[in-house]
**Student:** 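This is the structure I want to talk about, given as structure tokens.
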Amino acid sequence: MAGKKAAELPRKVYEKELLRLQTELVKLQEWVRASGTRLVVVFEGRDAAGKGGTIKRVAEHLNPRVARIAALPKPTERERTQWYFQRYVEHLPAAGEIVLFDRSWYNRAGVEHVMGFCTKEEHQLFLRQCPIFERMLVEAGVLLRKYWFSVSDTEQQERFRRRLEDPLRRWKLSPMDLESITHWEAYSRAKDEMLVHTDISEAPWYVVESDDKRRARLNMIAHLLGSVPYRDVPPPVLDLPKRPESTGYERPPRDLQTYVPNHAASL
């Protein structure tokens, strides 16, 4: 059980620092694009640990052509017969790209293992192959960062309750999420075993304390920025061109087109 929860970071302080960090993320993006770097960021943790909200803030001001989110659905029947890492390889970045994995190949070490979606042999094979797979990525020049979002049992339960009561966030809650409450210790043991095998020097795990979402987001983004040797890439010099003189174009009558009704006028 967690101890007394620290006071939440004030919103004004949070928003000011978040904006500063997001400005730096744009600089990081431009460096990745210009240098041809391949950056992979893995977000893992328990259900409702704050991964999705953090990913949203990381990607909020980035160019989706450079930085994309990979949130894979459950594997198809064909994918089940492939080498386990195969479908994740397809989503790895090319030169000048960033991929944010909203859950990743570590599904096998967590939910698949705990809920019995893979065999014990498949789980053990994953634990043996994962460090090899990640070393291959790093040796090939991929920058790999792995973050584990750690939430207490009481905070997780409270977040589940709020999702149940909020129609805008109800979709985030699945029967599998609720079932995870009854498997808390099993998930803890699975996470501990995962870290023993996959917390390697070439691709270490970084734990993010996430009972306070605001602090978690700032801490994770600041760490990512501090771990990548990016530099400021000067943007190209652009000048707004002068609008040319009219050549006699006339817009067609409005009644020839179908317009969206003015819903805002009724407010």
**Student:** For a quick check under 3.5 Å, do R217 and Y14 share a side-chain donor-acceptor pair by atom type?
**Tutor:**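 Distance-only check passes for R217 and Y14.
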
**Student:** Same cluster for F117 and M194 if Ile/Leu/Val/Met/Phe/Trp/Tyr side chains link at under 4.5 Å?
**Tutor:**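 No: no chain of side-chain contacts under 4.5 Å links F117 to M194.
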
**Student:** Would you mind telling me which of V40, L92, L39 makes a side chain to side chain contact (heavy atoms under 4.5 Å, CB included) with L144?
**Tutor:**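 For L144, the side chain to side chain contact (heavy atoms under 4.5 Å, CB included) check succeeds only for V40.
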
**Student:** Would you please say whether a donor-acceptor pair under 3.5 Å links the side chains of R46 and S180?
**Tutor:**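 No, no side-chain donor-acceptor contact under 3.5 Å.
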
**Student:** Is the backbone of R162 close enough, under 3.5 Å, to the side chain of D166 for a donor and an acceptor to pair up by distance?
**Tutor:**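 Not at all, since once roles are kept as given, no pair shorter than 3.5 Å links the two residues.
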
**Student:** Go through the side-chain N and O atoms of R159 and T154 and say whether any donor and acceptor fall under 3.5 Å apart.
**Tutor:**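 No, T154 and R159 have no side-chain donor paired with an acceptor closer than 3.5 Å.
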
**Student:** Would you say W184 and V114 are hydrophobically clustered, going by side-chain heavy atoms of ILVMFWY under 4.5 Å?
**Tutor:**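 No, separate clusters.
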
**Student:** Considering the options K27, E30, Q29, E24, which one meets the side chain to side chain donor-acceptor pair (under 3.5 Å) requirement together with Y230?
**Tutor:**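 The passing option is E24.
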
**Student:** Hey, is the main chain of R170 close enough, under 3.5 Å, to the side chain of R163 for a donor-acceptor pair?
**Tutor:**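 No, the answer is negative, given that no donor and acceptor are paired below the 3.5 Å cut-off.
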
**Student:** Flag the pair Y106 / W205 as yes when their ring centroid distance falls below 6.0 Å, and as no otherwise.
**Tutor:**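 Between Y106 and W205, the centre distance is under 6.0 Å.
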
**Student:** For the ring pair W105 and Y84, is the centre-to-centre distance below 6.0 Å?
**Tutor:**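 They do not qualify: ring centres at least 6.0 Å apart.
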
**Student:** Could you tell me whether the side chains of S104 and E44 share a donor-acceptor contact shorter than 3.5 Å?
**Tutor:**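 Yes.
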
**Student:** Hey, does the side chain of R57 reach the backbone of G53 with a donor-acceptor pair shorter than 3.5 angstrom?
**Tutor:**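 Yes, R57 side chain to G53 backbone: donor-acceptor pair under 3.5 Å.
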
**Student:** State whether the side chain of D211 and the backbone N or O of S152 hold a donor-acceptor pair below 3.5 Å, judged by distance alone.
**Tutor:**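 Present.
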
**Student:** Would you say the rings of F126 and H197 are close, in the sense that their centroids are separated by under 6.0 Å?
**Tutor:**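 Centroid distance H197-F126: not below 6.0 Å, so no.
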
